[in-house]
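All residue numbers in this chain count up from 1 along the given sequence. In this text, all values refer to a predicted model and were calculated from it rather than measured experimentally.
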Amino acid sequence: MAERVGRLMQQAARISFLAPAAVIAAAAAGFVPLLSFAFAEGGKLAPDAYIWRVLGFTLLQAALSTVLSILPAIPAARALAFRSFPGRGLLLALFAVPQALPAIVVVLALVQLYGRSGWLPDVVNLYGLAGILLAHVFFNLPLALRFCLEALENVTPENIRLADQLGFDSRARWRHVDWPALKPLLPRLAALIFLLCAASFVVVLTFGGPSATTLEVAIYQSLRLDFDVSRAVTLALLQAVLCLVLVIFAGQLAAPVPTTAALRLLNPAPRPMGWLGLLMVIVATLLVLPPLAALVVSGVQAIDLRPLLFQALGTSVLIATLSAAINLLLAWPLVLLQVRLTRGRWLVTAVSLAGLILPPAVLATGWFVLLRGLITTPASSVILISCLNALMALPFSTTILGASMAAQLLPQDRLCAQLGLSGWQRFKLIDAPVLTRPILQALLVAFVLSFGDLTAILLLGSQGLVTLPSLISAEMGHYRSAAAQGTALLLALLCLAGTLAANRIGRKT
């Protein structure tokens with residue numbers, strides 16, 4: 001029996017290795033053509049003053065965004081932890097909204113609120129470092145707050161009651177209760193936010209400029225505007241190294257956040273929220289609520305159900321559906337290898353994080369150079385865009401599937417070996433029924449990420465191919481702000497609905 005189990009696992013592993021091979025081939029197809037082209041044209045992969053300046057700004061804005069996101073989130077989370085007050089659930093739901101919104105929607109919402117013709121035109125200058133930081137903090141402060149709040153609410157009830165009995169003041173509670181709960185979380189949270197801000201594209205492309213350009217945007221400009229392939233490859237290698245270092249850094253410093261299954265039989269004694277915590281909750285609310293209100297009010301007044309809108313909606317649904325399907329076909333075998341391999345697991349994990357490490361602008365341009373004779377129709381662009389979006393969503397889908405598959409699949413291996421089940425038969429009869437919810441959640445997350453993405457369509461879109469995000473971008477570029485606001489509201493509502501459905505499925509997993 002042991003031999004039969006081993007043979008079935010070896011057969012499954014051989015098939016599963018096709019997924020990491022496909023991801024590695026996709027990465028090579030992005031880098032190798034550009035390297036060959038650069039060397040064939042006599043280019044040199046050497047950073048110049050411009051590249052160092054772009055790298056410096058990338059690190060600066062990512063560091064500032066990380067600090068401005070995490071520092072207010074800690075006192076705000078402490079103020080909200082273990083408290084029940086009218087509107088608390090609504091407030092937490094509000095802080096969950098930014099993660100569901102595409103970047104192009106947030107950009108338009110901020111322009112509607114703080115732009116030259118917006119509701120508050122003189123509050124902040126959006127075009128430059130200030131606008132980039134504002135958009136990044138809009139996304140990441142609520143994210144950091146929710147992570148910190150979850151860590152604090154996982155503190156054991158016994159520790160909380162003991163702190164109350166000992167009469168701890170705010171400083172003592174921070175030192176002995178809150179800080180030990182947050183300390184394992186903060187390094188990986190900071191690395192995640194830094195990584196997201198360093199790889200930001202749509203925000204920097206819109207609000208940046210000659211002196212406010214990141215590596216990702218500089219790659220796009222070098223390839224699409226200047227066609228300086230050598231500089232683009234140098235920038236891409238720098239970004240890939242930077243992202244890889246951040247991923248490794250986050251993995252090395254990440255410690256499991258302590259959780260407990262203990263029942264909260266007694267509610268903790270109420271304690272004052274504190275002026276700093278209350279102030280940070282107000283700041284976070286004022287950061288998130290006004291742009292969303294501006295988007296809703298302006299969008300409701302400007303929705304125009306024209307034929308082009310339905311065409312863009314259909315194209316977005318098609319691309320997102322293909323992307324989600326491709327993503328699952330890659331994510332499932334990658335997670336199988338992560339669960340079952342004893343050696344080389346780190347390499348499979350690195351492959352699954354390709355979407356966080358590899359610059360999409362480089363992959364897209366490399367594919368275009370390699371397949372430029374074949375990309376002649378919108379259909380070929382749809383396939384390439386779907387593949388690129390699937391790679392970008394891999395880190396999220398493999399994370400969703402990983403824990404559930406580890407808990408469910410390994411105990412079933414012996415039973416499947418006894419029944420002679422493997423491959424598709426095992427998936428249909430054994431794996432799929434118990435993993436339906438994480439599979440649906442991974443599919444929904446990949447669908448939403450692709451549905452709201454603008455990067456791939458800008459890089460690989462062909463003439464006449466219009467999605468909802470690209471329609472918003474085009475309308476903003478032609479100063480049709482009213483039409484863009486209506487389209488953005490529709491896109492925001494659809495992405496929010498998909499995200500809420502994925503979260504609800506995940507809570508029941």
Side-chain angles (χ1 to χ4, degrees), residues 34 43-72 103-104 106-107 110-111 114-115 123-141 143-144 189-250 287 355-365 392 454-455 458-459 473:
L34 294 183
K44 297 180 179 179
L45 301 182
D48 54 21
Y50 169 78
I51 291 177
W52 288 123
R53 186 168 67 252
V54 169
L55 176 61
F57 182 80
T58 301
L59 298 176
L60 173 65
Q61 63 84 21
L64 290 175
S65 299
T66 303
V67 171
L68 293 175
S69 298
I70 292 179
L71 286 185
I104 187 63
V106 173
V107 165
L110 292 175
V111 169
Y114 300 113
V123 173
V124 62
N125 180 15
L126 288 177
Y127 299 96
L129 178 60
I132 293 171
L133 295 179
L134 180 63
H136 286 167
V137 175
F138 176 92
F139 278 116
N140 295 309
L141 192 155
L143 176 68
L189 178 61
L192 172 63
I193 294 175
F194 193 101
L195 179 61
L196 293 174
C197 295
S200 177
F201 180 76
V202 174
V203 168
V204 181
L205 183 65
T206 306
F207 292 150
S211 61
T213 301
T214 58
L215 290 171
E216 186 79 19
V217 174
I219 294 169
Y220 171 78
Q221 292 171 341
S222 297
L223 289 172
R224 293 308 175 97
L225 302 181
D226 305 328
F227 202 68
D228 188 342
V229 178
S230 297
R231 173 173 286 178
V233 172
T234 304
L235 289 163
L237 292 175
L238 279 175
Q239 173 143 334
V241 170
L242 173 63
C243 293
L244 181 60
V245 168
L246 288 170
V247 168
I248 295 173
F249 179 79
L287 174 73
L356 291 176
I357 297 172
L358 301 174
V362 170
L363 290 182
T365 307
M392 297 304 108
L454 177 62
T455 305
L458 285 180
L459 296 169
S473 178

Closest approach of Val124 and Ala130, non-hydrogen atoms and distance? CG2-CB, 4.0 Å
For residues Gly355 and Met392, report the shortest heavy-atom separation together with the two atoms involved. O-SD, 3.6 Å
Taking every non-hydrogen atom, the tightest pair across Val362 and Ala232: CG2-O, 4.4 Å
Heavy atoms only: give me the nearest Ile132-Gly208 pair and the separation to one decimal. CD1-CA, 4.1 Å
Here the gap from Leu133 atom CG to Leu126 atom CG, rounded to the nearest 0.5 Å, amounts to 11.5 Å
CG of Leu141 to CG of Leu134, rounded to nearest 0.5 Å, is 11.0 Å
I need the full list of side-chain hydrogen bond (donor to acceptor under 3.5 Å, both in side chains) pairs touching residues 202-216, with sequence neighbours left out, sorted by first then second residue. Glu216-Gln239
Minimum heavy-atom distance between Ala361 and Leu459, given as atom pair plus value: CA-CD1, 3.5 Å
Look up atom CG in Asp48 and atom OG1 in Thr234, then write down how far apart they are to the nearest 0.5 Å. 8.0 Å
State, yes or no, whether a side-chain contact exists between Leu143 and Asn140 at a heavy-atom distance under 4.5 Å. yes
Rounded to the nearest 0.5 Å, what separation is found between the OG1 atom of Thr455 and the CD1 atom of Ile104? 10.0 Å
Atom pair CG (Leu238) and SG (Cys243), whose distance is rounded to the nearest 0.5 Å: 11.0 Å
Can you give each donor-acceptor pair under 3.5 Å made by side-chain atoms of residues 51-70, sequence neighbours left out, with the distance rounded to 0.1 Å?
residue	atom	partner	partner atom	Å
Thr58	OG1	Val54	O	2.8
Thr58	OG1	Leu215	N	3.0
Gln61	OE1	His136	ND1	3.1
Gln61	NE2	Thr58	O	3.3
Gln61	NE2	Cys197	O	2.9
Ser65	OG	Gln61	O	2.7
Ser65	OG	His136	ND1	3.3
Thr66	OG1	Ala62	O	2.7
Thr66	OG1	Phe194	N	3.4
Ser69	OG	Ser65	O	2.7

Could you measure the distance from the CG atom of Leu192 to the CG atom of Leu246? Nearest 0.5 Å is fine. 10.0 Å
For residues 198-221, which residue pairs pass the ring pair (Phe, Tyr, Trp, His ring centres under 6.0 Å) check, not counting sequence neighbours? Tyr127-Phe207, Phe201-Tyr220
